[in-house]
Amino acid sequence: GAVVSQHPSWVICKSGTSVKIECRSLDFQATTMFWYRQFPKQSLMLMATSNEGSKATYEQGVEKDKFLINHASLTLSTLTVTSAHPEDSSFYICSARPQDTDTQYFGPGTRLTVL
Amino acid sequence: QKEVEQNSGPLSVPEGAIASLNCTYSDRGSQSFFWYRQYSGKSPELIMFIYSNGDKEDGRFTAQLNKASQYVSLLIRDSQPSDSATYLCAVRSGGYNKLIFGAGTRLAVHP
């Protein structure tokens, strides 16, 4: 149980385009999902907390207009990287938290390369 | 700022030995404590969680929590080369809706 999927697993795009990443909890409902970014050989960095039916809470320094988060249902959250640039190339990982627990389960991640 | 500290390593242990990974946290109000394992190029996977003082065992893994000392550890018995990974300690502080992650300790188990 507690499986989280992400799609796509990798994506290559041109500078200036937008990319949407989906995060799904497959066998549980998640009122809260989290989006992280990880650069090579660096630690996880929390970007935002996504709550179903409400606006996401962004961490300090994360541009909310650049990283659009939608959490439209209890099993789906999406992250859209708008006007992507090479410096946005990174490993984006979501996690989902089942209701009434503190435990986060991570998706497999999406590797974004912006040319 | 709530902090979680881990030694970055690498911690090198021989196959079959006990690996001991340590983590300290700054917020005394912390309630929940987690250990995740992350292989290179992969996302973190949950190993175990602990809420109460003392030890919690799951197979070859034992988590130890000491809230008075603000210290949580993970012991891996009979370490295997497949245990070589980065181990992340995460803490949920009181009142926070998120986990605070340490930077991770890299473990290398050599044959």
Side-chain angles (χ1 to χ4, degrees), chain A residues 1-7 9-10 21 23 28 30-52 54-62 69 71 90-113, chain B residues 1-10 21 23 25 27 29-52 56 58 61 63 65 67 72 84-108:
Chain A
V3 179
V4 179
S5 70
Q6 270 185 253
H7 178 80
S9 55
W10 60 270
I21 302 170
C23 177
F28 64 95
T31 51
T32 308
M33 291 184 173
F34 303 85
W35 287 96
Y36 295 84
R37 180 167 56 180
Q38 188 173 38
F39 293 105
K41 299 192 186 300
Q42 294 190 21
S43 56
L44 280 176
M45 188 195 83
L46 178 65
M47 300 175 67
T49 301
S50 166
N51 292 296
E52 187 265 337
S54 63
K55 291 184 178 180
T57 302
Y58 290 82
E59 295 299 302
Q60 191 172 8
V62 178
I69 292 172
H71 192 158
S90 188
F91 191 38
Y92 291 84
I93 314 171
C94 75
S95 70
R97 187 174 72 195
Q99 294 172 315
D100 301 325
T101 75
D102 288 340
T103 306
Q104 291 184 26
Y105 297 93
F106 283 86
T110 297
R111 198 162 300 280
L112 170 64
T113 301
Chain B
Q1 176 70 22
K2 312 300 181 183
E3 291 186 346
V4 176
E5 301 283 346
Q6 294 181 258
N7 188 317
S8 62
L21 303 159
C23 172
Y25 57 94
D27 181 14
S30 299
Q31 300 169 341
S32 312
F33 307 86
F34 303 83
W35 284 100
Y36 288 85
R37 175 174 63 196
Q38 186 175 24
Y39 291 110
S40 181
K42 303 293 186 182
S43 67
E45 58 180 317
L46 179 70
I47 297 175
M48 61 193 305
F49 56 85
I50 185 168
Y51 297 149
S52 304
K56 179 181 179 182
D58 184 0
F61 300 98
L65 174 62
K67 289 187 178 181
V72 59
S84 299
T86 296
Y87 289 80
L88 303 172
C89 171
V91 174
R92 177 173 176 262
S93 292
Y96 281 81
N97 190 31
K98 60 187 179 183
L99 297 182
I100 309 299
F101 280 85
T105 297
R106 191 156 59 91
L107 173 67

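Being a predicted model, the structure only gives us computed values, none of them experimental. Chain letters run A, B, ... following the sequence lines, proteins first and then strands; every chain starts at 1.
Remark: side-chain polar atoms of Q6(B) are paired, donor with acceptor, to backbone N or O of G104(B) under 3.5 angstrom. Using a distance-only test at 3.5 Å, with no hydrogens or angles considered, no donor-acceptor pair links the side chain of T31(A) to the main chain of Q99(A).
Contacts between T103(A) and chain B at a heavy-atom distance below 4.5 Å involve backbone atoms as well as side-chain atoms. Of the two parts of L46(B), only the side chain, counted from C-beta on, holds a non-hydrogen atom closer than 4.5 Å to a non-hydrogen atom of chain A. For a residue to count as touching a neighbouring chain, one of its non-hydrogen atoms must lie under 4.5 Å from one of that chain's; by this rule Q60(A) does not touch chain B. Heavy-atom distances place both the backbone and the side chain of K98(B) under 4.5 Å from chain A. Residue Q38(A) touches chain B through its side chain alone, counting heavy-atom pairs closer than 4.5 Å.
From F34(A), atom CZ reaches atom CD of Q104(A) across 4.0 Å, with rounding to the nearest 0.5 Å.
Taking a 6.0 Å sphere around NZ of K67(B), one finds it holds more than 12 heavy atoms contributed by other residues, nucleotides or ligands.
Within the 4.5 Å cutoff, the side chain of W35(A) has no heavy atoms near those of the V62(A) side chain.
Highest contact tally toward chain A, considering only Q38(B), E45(B), R106(B), is held by Q38(B) [criterion: heavy-atom pairs under 4.5 Å].
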